[in-house]
Protein chains: 4
Amino acid sequence: MITIDSRSSKPIYEQIIERVKENIIKGILKPGDKLPSVRELASIITINPNTISKAYNELERMKAIEVIRGKGTFVAESFKPIMDEEKLKEIKEHMKNIIIEAHYVGVDKDKLIDILNEIYREF
Amino acid sequence: MITIDSRSSKPIYEQIIERVKENIIKGILKPGDKLPSVRELASIITINPNTISKAYNELERMKAIEVIRGKGTFVAESFKPIMDEEKLKEIKEHMKNIIIEAHYVGVDKDKLIDILNEIYREF
Amino acid sequence: MITIDSRSSKPIYEQIIERVKENIIKGILKPGDKLPSVRELASIITINPNTISKAYNELERMKAIEVIRGKGTFVAESFKPIMDEEKLKEIKEHMKNIIIEAHYVGVDKDKLIDILNEIYREF
Amino acid sequence: MITIDSRSSKPIYEQIIERVKENIIKGILKPGDKLPSVRELASIITINPNTISKAYNELERMKAIEVIRGKGTFVAESFKPIMDEEKLKEIKEHMKNIIIEAHYVGVDKDKLIDILNEIYREF
DNA sequence: GTGGTCTAGACCACA
DNA sequence: GTGGTCTAGACCACA
């Protein structure tokens with residue numbers, strides 16, 4: 001369910017965050033579902049537990065998951081998008097950079113929208 | 001022409017690369033145009049020359065600019081998009097992450113396409 | 001394993017790149033093998049770590065080695081020659097120059113092919 | 001007759017040396033032939049005269065050309081290869097590096113010998 | 001412990 | 001004046 005690319009320049013803890021969020025959005029993980037414990041996940045994907053911990057902590061801060069003491073970690077019950085101006089600006093920045101990179105491999109606006117639609121279809 | 005956001009977590013040399021590419025795409029920098037010399041740009045944006053050098057070197061590797069010995073650095077004459085499977089996969093990855101992040105601030109597909117179109121309009 | 005000729009006009013970081021590639025081709029370094037860390041190698045050959053870093057970065061770009069975050073640097077698992085027209089042209093250029101230089105020290109075609117065969121035998 | 005690639009990382013003066021030697025080996029320039037004067041050549045290929053001068057000086061040191069005061073520069077009358085141990089070692093080094101580079105673009109021994117033969121045929 | 005980024009500063013070849 | 005190489009040293013994120 002969660003696959004890590006150790007060769008990626010993207011930190012492992014960020015990869016975990018993304019995979020968990022992706023699974024939630026895709027409905028593979030539903031509100032109330034229990035996540036594997038830190039140690040469990042660490043042994044499954046053979047990653048240092050500290051790294052899993054860091055990912056879970058960030059996910060909790062984002063209200064994507066909830067830690068219930070003594071019971072475990074669960075997908076948050078109610079998902080309310082939090083409109084965050086800073087975050088929105090960041091997204092625009094990232095999109096601009098994608099557009100620039102796309103241009104340099106010969107991907108134009110229409111092809112980029114195709115890619116975007118394709119990814120949404122997978123969700 | 002080239003502005004750096006020192007609060008950004010993105011390395012300075014990467015910011016320079018992006019700004020130069022952006023200026024080329026927007027036509028602000030045209031093929032054959034001379035870029036400021038390493039030392040010049042370093043003093044303009046008060047960054048260490050080594051950092052500028054690193055950015056210029058990567059831009060040269062990407063064939064976006066050309067270094068002519070003892071004369072300076074110039075926007076490459078011929079821009080040919082290089083279709084790179086790896087790079088394309090990377091772009092898709094980035095796009096997927098943007099979509100995930102967008103979802104968490106309540107930005108849906110249509111709004112994201114709006115943002116994309118808006119950025120293209122600036123180019 | 002890696003020796004530097006400080007009298008050579010060839011930059012140190014390029015010498016390191018060549019020695020590493022040579023060791024990989026000779027099988028002294030095998031896929032998955034760990035390379036000495038940047039600091040380790042720096043202290044072994046008494047070279048500044050930045051210089052080692054530069055060499056390792058170029059080797060990574062060439063897909064000869066892989067950097068795994070926080071763990072170290074390893075010989076790439078899968079070696080796939082990348083057919084690169086530019087690089088091939090460069091090789092021909094170099095070969096032409098060798099032939100010209102050889103002529104001026106009285107080394108003819110047959111002797112040059114002997115030299116070539118001799119080097120291949122060492123690999 | 002002499003073409004320069006200003007984008008090459010190879011210094012212009014070295015490129016001139018190589019082209020002149022190449023022309024001599026190919027017989028395009030014969031012993032006793034007059035070379036263009038420094039200023040002439042400088043204006044033909046629009047290069048700084050100092051750069052031409054440097055190339056001619058090195059060619060003279062190698063006994064490939066001769067400067068006759070007040071008359072001009074000529075291809076040396078008698079070509080005697082000078083067996084130079086240092087130079088030979090250098091050639092072997094270069095050959096080794098070519099072999100390493102060739103391996104990384106998928107060019108094996110036989111193909112490399114083909115390339116070598118092909119270049120000799122042009123001479 | 002691992003590599004990545006950045007600064008300050010020196011020296012050099014080349015044009 | 002131009003970029004390239006190298007050193008010394010600091011700080012940082014990641015695992």
Side-chain angles (χ1 to χ4, degrees), chain A residues 4 6-16 42 45-55, chain B residues 4 6 8-16 34-42 45-60 65-74, chain C residues 4 6 8-16 34-42 45-60 65-74, chain D residues 4 6-16 42 45-55:
Chain A
I4 297 303
S6 59
R7 270 169 229 120
S8 166
S9 67
K10 177 148 280 184
I12 293 173
Y13 84 94
E14 281 187 20
Q15 293 187 45
I16 295 170
I45 57 180
T46 54
I47 292 293
N48 191 311
N50 292 333
T51 307
I52 312 285
S53 237
K54 184 163 183 182
Chain B
I4 297 304
S6 56
S8 166
S9 68
K10 178 148 277 185
I12 296 172
Y13 80 95
E14 282 188 18
Q15 293 187 45
I16 295 170
K34 192 175 186 307
L35 290 169
S37 81
V38 168
R39 287 170 176 82
E40 237 180 310
L41 186 53
I45 58 181
T46 52
I47 292 293
N48 190 291
N50 288 332
T51 305
I52 312 286
S53 214
K54 187 169 181 179
Y56 277 17
N57 281 334
E58 291 230 7
L59 283 163
E60 196 191 7
I65 67 177
E66 281 169 354
V67 175
I68 298 186
R69 316 188 48 82
K71 289 208 164 171
T73 305
F74 303 83
Chain C
I4 297 305
S6 56
S8 166
S9 68
K10 179 148 279 186
I12 297 171
Y13 80 94
E14 281 188 18
Q15 294 187 44
I16 297 170
K34 193 175 186 307
L35 291 169
S37 82
V38 167
R39 286 170 178 83
E40 238 181 309
L41 185 54
I45 58 180
T46 53
I47 292 293
N48 189 290
N50 287 332
T51 305
I52 312 287
S53 212
K54 189 170 179 178
Y56 276 16
N57 281 333
E58 292 230 7
L59 283 163
E60 196 191 7
I65 66 176
E66 281 169 355
V67 175
I68 298 185
R69 318 187 48 80
K71 289 209 164 168
T73 306
F74 302 83
Chain D
I4 297 302
S6 59
R7 270 169 229 121
S8 166
S9 67
K10 176 148 281 184
I12 292 173
Y13 84 95
E14 281 188 19
Q15 293 187 45
I16 295 171
I45 57 179
T46 54
I47 292 293
N48 191 312
N50 293 332
T51 307
I52 313 284
S53 237
K54 184 164 184 182

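So that the names make sense, note that chain A is the first sequence line, chain B the second, and so on, each numbered from 1. Owing to the predicted nature of the structure, the values given are computational and were not obtained by experimental measurement.
Looking at A/Ile52 and A/Ile45, their side chains come closer than 4.5 Å, going by heavy atoms from C-beta outward. At least one side-chain heavy atom of B/Ile65 sits less than 4.5 Å from a side-chain heavy atom of B/Tyr56.
The separation between B/Tyr56 atom OH and E/dC6 atom P is 16 Å, rounded to whole Å. For the pair D/Asn48 CG and E/dA15 P, the computed distance is 9 Å after rounding to whole Å. The separation between A/Ile45 atom CD1 and F/dA15 atom P is 11 Å, rounded to whole Å. Rounded to whole Å, atom P of E/dA15 lies 10 Å from atom CG of D/Asn50. The CD1-C1' distance, from C/Ile16 to F/dT5, rounds to 12 Å in whole Å. Rounded to whole angstrom, the span from the CG atom of C/Leu35 across to the C1' atom of E/dG1 amounts to 16 Å. Nucleotide E/dG1 holds its C1' atom 17 Å from the CD1 atom of C/Ile52, rounded to whole Å.
Side chain of B/Arg39, nearest nucleotide from E/dA15, F/dG3, F/dA15: F/dG3. Residue C/Thr51 has its side chain nearest to F/dT7 when only F/dG3, E/dC6, F/dT7 are considered.
Residue C/Arg69 places at least one side-chain N or O closer than 4.0 Å to OP1 or OP2 of F/dA15. Between B/Asn57 and F/dG4 there is a side-chain polar atom (N or O) within less than 4.0 angstrom of OP1 or OP2. Contact annotation: B/Thr73 does not reach the phosphate of F/dT2 (side-chain N/O to OP1 or OP2, under 4.0 Å). A close approach under 4.0 Å does occur between a side-chain nitrogen or oxygen of C/Ser53 and OP1 or OP2 of E/dG4. A close approach under 4.0 Å does occur between a side-chain nitrogen or oxygen of A/Lys54 and OP1 or OP2 of F/dC14.
Nucleic acid contact for D/Ile47: none, since no nucleic acid atom lies under 4.0 Å from a heavy atom of the residue.
Taking CD of C/Glu58 as the reference point, atom CG of B/Asn57 lies at 8.5 Å (rounded to 0.5 Å). The line from CG of A/Asn48 to NZ of C/Lys71 is 8.5 Å long, rounded to the nearest 0.5 Å. Taking CD from D/Gln15 and OG1 from D/Thr51, the interatomic distance works out to 11.0 Å, rounded to the nearest 0.5 Å.
Residue B/Ile68 is the one, among B/Ile68 and A/Tyr13, whose nearest nucleotide of DNA chain F lies closer to the 5' end (criterion: closest heavy atom). Projected onto DNA chain E by closest heavy-atom contact, C/Ser37 and B/Ile12 fall at different nucleotides, the more 5' of which corresponds to C/Ser37. Each of C/Lys10 and A/Lys10 lies near DNA chain F, and the nucleotide nearest C/Lys10 is the one positioned closer to the 5' end.
Stem list for DNA chain F (at least 3 consecutive Watson-Crick or G-U pairs, distances under 3.5 Å): E:1-14 with F:1-14.
B/Glu66 contributes no side-chain N or O that, together with a main-chain N or O of D/Arg7, makes up a donor-acceptor pair within less than 3.5 Å. Between the side chain of B/Arg69 and the backbone N or O of D/Ser6, no donor-acceptor pair lies under 3.5 Å.
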